[in-house]
Every structure is written in structure tokens, then in C-alpha cells.
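Below you'll find the structure, written out as C-alpha cells, and then a few comments.
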Amino acid sequence: MSLHETRKIKIHQPENFQFNSIPDSHAWADLHDHPTVEPIGPDMIPVIDLNDPKLIEKIGKACEEWGVFLIRNHGIEPKLLNQFSSQMDRLFALPAEVKLKVAKADALDAGYGGDPISRFFPKYTWSEAFTILDSPLEHAKKLWPDDYSSFCEVMEEYKKAMNPLGRRLMHVMLLSLGVSEEEINNTPMGDFSKIKTVLSLNSYPACHDADRVLGLPPHSDNGFITFVYDNGVSGLQILRRKDDNGPKRWVTVPVVPDTFVVNVGDLMQVLTNGRFHNMVHRATIGKTYHRMSSAYFFASELDVKVSPLSKLTDPGVGPLYKTVTWPELLQMKNSLSYDQALEAIKIDSN
Ligand SMILES: C=C1C[C@]23C[C@@]1(O)CC[C@H]2[C@@]12CCC[C@@](C)(C(=O)O1)[C@H]2[C@@H]3C(=O)O
Ligand SMILES: O=C(O)CCC(=O)C(=O)O
Ligand SMILES: [Fe+2]
């Protein structure tokens, strides 16, 4: 099975997002299903310094309690991040007719278009995305026939720099659960050829009626972990998950310079046998500022079967999830209700 065997997507970019009033097709009714709160007090999302002597402990706690945290001192050069942001600006500033030259034919293809999850919701999103599966070269040549190399170089460099960071974090996460180095080496992260990464660039134009539109509907990511980097405009919100006796609420992720947001995805939940939980999040729209973000999905190669680590399965209970590949998860999200994929591979322990 490939990532591409999915339903067709239609491009639903509103005409450069210029409307006097929000069309019904883009007006969401249920954005206030839960209250939105600021990240303060008990809702303060952990910010973790990767040089912290208590790193393993802190990451483990953040994954168990939150499923999301910010990292600083991550080692990615500011110069590269500036170049990366400039290329994102350059891409989304292109006229709509140019971007549509590299439109995705299918929801999970590389290229320009909407995000794959919007198909599961009755309204369109106020966003556009550009997905890089392997090399962006073919698409960049169509977007900038005379000047495509700088985009490709920066995207490749970004992916190359992020890969070891992904490995390092996954390593620390598993160490925090008491998994030994040897066991980690037997997981997909122990073998470079078994990791697959995808880079998605997202653009969320400002909207005068921002409370009625949505950038990305609530979802969890499918891979192990995702790194989000944005242009300093807030908009990402997470659904507070930890059962802290409080009501469910959307917590706005703070904008902290020089950090990445890291979130736990579905494959990580499977690998850790539910010790770490995926994290539901959404992207909201601002009234004044155009937000841009990138999501670097760190997952396993398409044919790698991910199953709970034996070290993390309870002797009497066994694994909680059946073995699954990344495309199988995507496929299940396609054919079942969007949030039922992990339920579908749950092993009934009775
Ligand atoms: C490989 C990919 C990861 C992704 C699906 C995609 O083809 C490109 C888009 C990614 C995205 C973004 C929004 C949420 C998500 C779950 C989705 O449906 O499309 C992720 C997918 C993922 O996490 O695997
Ligand atoms: O834009 C963001 O902050 C989040 C993007 C995201 O969740 C995704 O691409 O899966
Ligand atoms: Fe996401």
C-alpha cells in the first residue's frame, strides 16, 4: 500500500482568501465546543531545554502528562531557520494560478492544496498547504522556472538538520520509559533506513472574521512525533488531555522565540503501548497576522510494521495494539471515522 491510495482531494482555496463576508462553505459552527484558555498556571505547556541535566525525566513527564512540549537549545542554526522562513514566505506569496500548477491530484500527494483531513469535516479550512514527500525539485521548477534551486537547497538542508533531532528526541522519550539502548536499536529508530519524514508547509491567512473560520480541524498526527515551527504568530491550540479533573479545554500554544513545538503522534502511542498518548490539536486563524507554520512529521518507512515494545507490555495483559504501518493508519482514518483508527487496532484484553 502506498501513501497515495486514498480518496481524491479537491482544491478549495478561496480566491486568495479575499471575501467581504465568510461564505457558508467556510463558516464553522462548533469552534467553541470547549473553552479556549491561555497557557498559564495549570495550563502552562512545558518548555524544555535540551541541555537540561534532567532532560530524560522532563521529557518523559511532558509526554505522559501533555503529549506536547516546546524545546529550546535544539541545535538547529538560526541562519537556517531564517532562510527556511523566507522560503516559506516566498512560496505562499506566489499568485494562486502559479501555486495551482503544482496542485496535489490526491489528498496525500506531494504538492500544493488543502490538507487531507478537511475531507472529514463539513466545512472548508482557511488555509493552504504545500507537502514535500521526497524532493521538492520537480515542483520548484514549475513554481520558479528560473530560480528554483534556493528553495530546494533550503528545504533539503532543513530536513537534513531535523532528522538527527527527531532521532535524539525519540531516543530520550524511550529512555524515559526505561527502554534500554539495545531495545531502542531494535526499533525503527535504530536503523536510519527505516525512518520516513514528510515536511508540510502551512499558510493561514488573516481573516477579519477569524472566530468563524478554522485553519486545520482537530486531529492527531499519524507519525511518531511532529515538530512544528512557525513564523511567530500564534494559532496552534491543543486539547488538554490529562485527566486533571478540569473541563476539556483548548490551550493556546505560546509563541516562544527559538523553539519548536513537539507533539506525540499515533505511532508513538502504539510503540509505547499507550504510555504516551497522541495529542489532539487544531490551527486557528488570526484577525491581523498571516500565520505560517511547518510540520516535520517523523515516522517510520511505509512498510515498517510498528508494534508495542515488549518492554512496555504488561506481563498479564500483553500488547494493547495490533501491529500497524503508517499508511495503514492513514487508510483507516480514511475509511473509518477520522478519530477511530487507534480504536480499530486496539486489542481487547478481556
Ligand atoms: C505524509 C503525510 C503526513 C500527513 C499526511 C501526509 O501525506 C501529508 C499531510 C500530513 C497531515 C497534515 C494534517 C494532519 C494529518 C493527520 C493529515 O491528515 O495530513 C497529517 C498526516 C500525518 O500525520 O500522517
Ligand atoms: O500549523 C500548526 O501549528 C499545526 C500544523 C499541524 O497540526 C499539521 O500540519 O499537522
Ligand atoms: Fe497536526
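Ligands are counted one by one from 1 in listed order, and the atoms in each one are counted from 1 as well.
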Can you tell me the N, O or S atom of Asp221 that's nearest the Fe ion (ligand 3)?
-> OD1
Quick one: does ligand 2 sit under 4.0 Å from the side chain of Asp221, the backbone, both or neither, non-hydrogen atoms only?
-> side chain
Where ligand 2 meets Arg291 - atom numbers and elements under 4.0 angstrom, heavy-atom basis | 1 (O), 2 (C), 3 (O)
Atom name, His281 (N, O or S, nearest to the Fe ion (ligand 3)) = NE2
Judging by distance only, is a nitrogen or oxygen of Asn222 under 3.5 angstrom from one on ligand 1?
-> yes
Is the closest N or O pair between Lys333 and ligand 1 shorter than 3.5 Å?
-> no
Over all atoms of both residues, closest heavy-atom pair of Ala129 and Asn202 = CB-OD1, 3.7 Å
Closer than 4.0 angstrom: is that true for some heavy atom of Val228 and an atom of ligand 2?
-> yes
Heavy-atom nearest option to atom 14 (C) of ligand 1, drawn from His281, Lys196, His219 | His219
At what distance, to the nearest 0.5 angstrom, does NE2 of His219 lie from CG of Leu239?
-> 12.5 Å
Shortest non-hydrogen pair, Leu302 vs Lys196, comes out as CD2-CD, 3.8 Å
Relative to the ring of Tyr296, is the ring of Tyr158 parallel (under 30°), tilted (30 to 60°) or perpendicular (over 60°)?
-> perpendicular
Check: Ser200 N/O within less than 3.5 Å of ligand 2 N/O = no
Side chain to side chain contact (heavy atoms under 4.5 Å, CB included) with Arg275: which residues, sequence neighbours excluded?
-> Glu64, Leu177, Thr272, Leu312
Answer with yes or no whether Ala299 contacts ligand 1, where contact means a heavy atom under 4.0 Å from a ligand atom.
-> no
So the atoms of ligand 1 within less than 4.0 Å of a heavy atom of Trp326 turn out to be 1 (C), 3 (C), 24 (O)
Numbered in order shown, the ligand 2 atoms found under 4.0 Å of a heavy atom of Leu236 are 3 (O), 4 (C)
Within the 6.0 Å centroid threshold, strictly below: Phe130 and Tyr112 | no
Find all atoms of ligand 1 within a distance of less than 4.0 Å from any non-hydrogen atom belonging to Ser220, and give their numbers and elements.
-> 16 (C)
Of all the atoms in ligand 2, which lie at a distance below 4.0 Å from a heavy atom belonging to His281?
-> 7 (O)
Identify, by atom number and element, the atoms of ligand 1 in contact range of Asp221, meaning under 4.0 Å from any of its heavy atoms.
-> 14 (C), 23 (O)
Quick one: CZ on Arg90 to CD on Gln83, what's the gap to the nearest 0.5 Å?
-> 12.0 Å
Taking all non-hydrogen atoms of both residues, which atom of Gly60 and which atom of Phe276 are closest, and how far apart?
-> O-CE2, 3.9 Å
Name of the His219 atom (N/O/S only) found closest to the Fe ion (ligand 3) = NE2
Thr131, portion touching ligand 1 at heavy-atom distance under 4.0 Å = side chain
Heavy atoms of His26 and Val213 approach each other most closely as O-CG1, 3.5 Å
With heavy atoms only and a cut-off of under 4.0 Å, state how Leu216 meets ligand 2: side chain, backbone, both or neither.
-> side chain
Parallel, tilted or perpendicular, as decided by the 30° and 60° cut-offs, for the rings of His74 and Phe260 | perpendicular
Give me the ring orientation class for Trp144 and Phe151: parallel if the planes are under 30° apart, tilted from 30 to 60°, perpendicular past 60°.
-> tilted
